[in-house]
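Take a look at the structure set out below.
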Amino acid sequence: MSLGSVRSTMTEGPRFRFAPSPTGSFHVGGARTALHNWALARRLGGTFVLRIEDTDEARNRLEWTEGIIDALAWIGVSADDDHFEGPHFQSEYAAAHITAASRLFESGAAYYCDLTGQEVQDRAKKLGITGYDGYSRDRGVEPGSGRVLRFRVPEGTTVVHDAVRGDVLFDNSTIEDFVLLRGNNTPMFLLANVVDDIEMRITDVVRAEEHLPNTPKQQMLWEALGAEPPRWAHVPVLVNEQRKKLSKRRDKVAVESYRDDGILADAMVNYLMTLGWTPPGAEEAGSEIFPWNELEAAFRLEDVTLSPAFFDVKKLVAFNKQYIKNLPLADFLAAVDADLPDDWDRQRFAAIAPHITERLERLGDAPALVEFLFLPDGADPDVDDAAWTKAAKPDWAGPFLVEIAEAYASFGPDEWRSDKLKATMEAVMLSYEIKLGKAQALPRVAVTGRSVGPPLFEALEVLGQNETLRRLRNAVTRMASKSEAD
RNA sequence: GCCCCCAUCGUCUAGUGGCCUAGGACACCACCCUUUCAAGGUGGCGGCACGGGUUCGAAUCCCGUUGGGGGUGCCA
């Protein structure tokens, strides 16, 4: 990853942008917006511009920015791709913001006001209105310390053409003369944002719906600055189970936290894309699982839904399960490696891995499933008492266990294979008139400590004859002591 | 309060006036398969918020009601 200014080689085509503020973690909603912009930029042969809106938090800039770029890379938005441009930093455009503000003042599109925040509030209260009443519109206030620059909202109606929702009309009389420059002469978000977009020749603004109410103000600024406004698109917000906008405080929203939980990037990307949109062909396919290149080729703003979407972790996990199951073994081993204890024998894990991939919801579930294979020599697994009691209950359980242990003891070194282990158990169980499902229960608890896990005979093959016999004999002893106690 | 947006199964959605007795995915339930658990297969449960219009015909168009959400800073 390089933080140097990466210039896109794309010179034509639409220019999209993704403009996060560097506040630490990367929000899943932001990830979805980035994905939308990315899909469109690539499909349309355009550019994805990354701009870090770091107006006042410049100190941790590098660190946060690296985090954002890494998170973007994780979801496939790669800074090395030809369609990627940036990062640009809002803080580096401060001069342009001030210049634009001056132009607006000189043209009369904006004016200074010397009221303090408190005075504005007091006036509003007295007048029975909310917000600013336009007090200084025609007072001819000159620039000066403590004076804010406000935009002179013209009369009329502002029409926002939105690719997702169609035309949205705003009566300008409902929009107050908003602040462009603070009393300390620093630019407000709205101004900085618009000036940056103009400077970066942005043609398409695709973002979450929460920005829709800002849009008429921004559009008026574009026009006042003599620029042609971009194409707008506002996608619905992501909400929690209470149907509130996902928030950092209440909800688990950090992309990194899902990654750390063992959610695969492809699963996250695929799931995020299905919120507010369905890939065409999903119904015929009976599945919503699609590779990125197909999602990218099919995504259209016009097809995006209009209502907020619940970020459902259950469905995310369901997607993740599919993706883990479909992962080539080598990729699975690489992905899960970080979740395995350092001292586990990787070769041994690789031997059992094919039998656990379809049993995992998250990568991090892997260790618990096969722990019994990685105990120090001579150590016994923790036995689930309920599972043991249940498996040991039938009258035949004890004698059957003894016979299995004896049969397995007679295996030669080359015979210790899952197919033979299974065949032998099937032969023994015949005289007990039980099925394999019942027969394997006690040996399973004896060897793994639990009633569920990977297929037994495959696990035994990996465990090896010595350790298997030791655990089986241990269990035989336990059965014996139990019947004595009775 | 004011402005804006939205409204199909529990959830994500398909549906752009007749193809809808409303389709799929996730979740849930049952059965089958089975070496436990998974996976897989089959089936099931379950929805057009409400009220008025328009129309031969409305989930689809219009109006209203209700409900939800977003925004309303010298935050971004």
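Here is the naming used below: chain letters follow the sequence lines, and residue numbers restart at 1 for every chain.
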- Query: What's the CZ-P distance between A:F170 and B:U72, to the nearest Å?
  - Reply: 13 Å
- What's the closest nucleotide to the A:K245 side chain, out of B:G70, B:A39, B:A76? B:G70
- Query: Would you say the side chain of A:V235 lies within less than 4.5 Å of the side chain of A:H36, judging by non-hydrogen atoms?
  - Reply: yes
- Closest to side chain of A:V452, choosing from B:C37, B:A7, B:A39: B:C37
- Query: Do A:K321 and B:A39 share a donor-acceptor pair, side chain to base, under 3.5 Å?
  - Reply: no
- Beyond-backbone contact of A:T357 with A:V336, side-chain heavy atoms, under 4.5 angstrom: no
- Query: If you look at every strand shown and take non-hydrogen atoms under 4.0 Å, does A:N214 touch a base, only sugar-phosphate, or nothing?
  - Reply: base
- Query: Which part of the nucleic acid, if any, lies within contact of A:T448, taking any heavy atom under 4.0 Å across all strands shown: a base, the sugar-phosphate backbone alone, or nothing?
  - Reply: nothing
- Counting only Watson-Crick or G-U wobble pairs whose two distances fall under 3.5 Å, which nucleotide matches B:U34? none
- Query: Given the C1' atoms of B:C45 and B:C50, what is the spacing between them in whole Å?
  - Reply: 25 Å
- In Watson-Crick or G-U wobble terms, both distances under 3.5 Å, what is the partner of B:U16? none
- From the list B:C5, B:C74, B:A76, which nucleotide is the closest neighbour of the side chain of A:F189? B:A76
- Message: Please classify the nucleic acid contact of A:F310 as base, sugar-phosphate, or nothing, using heavy-atom distances under 4.0 Å.
- Response: sugar-phosphate
- Message: From CD of A:E284 over to C1' of B:U13, roughly how many Å is that when rounded to an integer?
- Response: 13 Å
- Query: Which value, in whole Å, describes the distance between the P atoms of nucleotides B:C63 and B:G71?
  - Reply: 26 Å
- Please tell me which of the listed nucleotides, B:U35, B:U11, B:C12, lies nearest to the side chain of A:K315? B:C12
- Message: Say we look at B:G23 and B:G15: how far apart would their C1' atoms be, to the nearest angstrom?
- Response: 8 Å
- So which one's nearest nucleotide on RNA chain B is more toward 5', A:E288 or A:T174? A:T174
- Grab the CG-P distance between A:L212 and B:A76 for me, whole Å please. 20 Å
- Query: What nucleic acid atoms does A:P280 come within less than 4.0 Å of, heavy atoms only: base, sugar-phosphate, or nothing?
  - Reply: nothing
- Task: Scan A:V168 against the nucleic acid and name what it touches under 4.0 Å (heavy atoms): base, sugar-phosphate only, or nothing.
- Result: sugar-phosphate
- So do the side chains of A:V160 and A:D167 get within less than 4.5 Å of each other, counting heavy atoms only? no
- C1' atom, B:C61 versus B:C3: distance in rounded Å? 26 Å
- Ring centre gap for A:F311 and A:Y271 strictly below 6.0 Å: yes
- Between B:A22 and B:A58, how far is it from one P atom to the other, in whole Å? 16 Å
- When the P atoms of B:A27 and B:C12 are considered, how many whole Å apart are they? 15 Å
- Nearest-nucleotide check on RNA chain B, A:Y271 vs A:D114; residue mapping nearer the 5' end is A:Y271
- A:Q440 (side chain) donor-acceptor with A:G437 (main chain) under 3.5 angstrom: yes
- Contact class for A:T130 vs. all strands (heavy atom < 4.0 Å): base, sugar-phosphate, or nothing? base
- Message: Need one value for A:L238: base, sugar-phosphate or nothing, where a base atom within 4.0 Å counts as base even if backbone is also close, heavy atoms only.
- Response: nothing
- Which base sits across from B:A58 as a Watson-Crick or G-U pair, both distances under 3.5 Å? none
- Pick one: which of A:D196, A:D197, A:D204 meets salt bridge (charged side-chain N to carboxylate O under 4.0 Å, His left out) with A:R17? A:D197
- Query: In Watson-Crick or G-U wobble terms, both distances under 3.5 Å, what is the partner of B:C26?
  - Reply: B:G10
- Task: Compare the minimum distances between each of B:U11, B:C37, B:C75 and the side chain of A:R243, then state the nucleotide with the smallest one.
- Result: B:U11
- Closest listed nucleotide, where the reference is the side chain of A:R359 and the choices are B:U36, B:A76, B:G40: B:U36
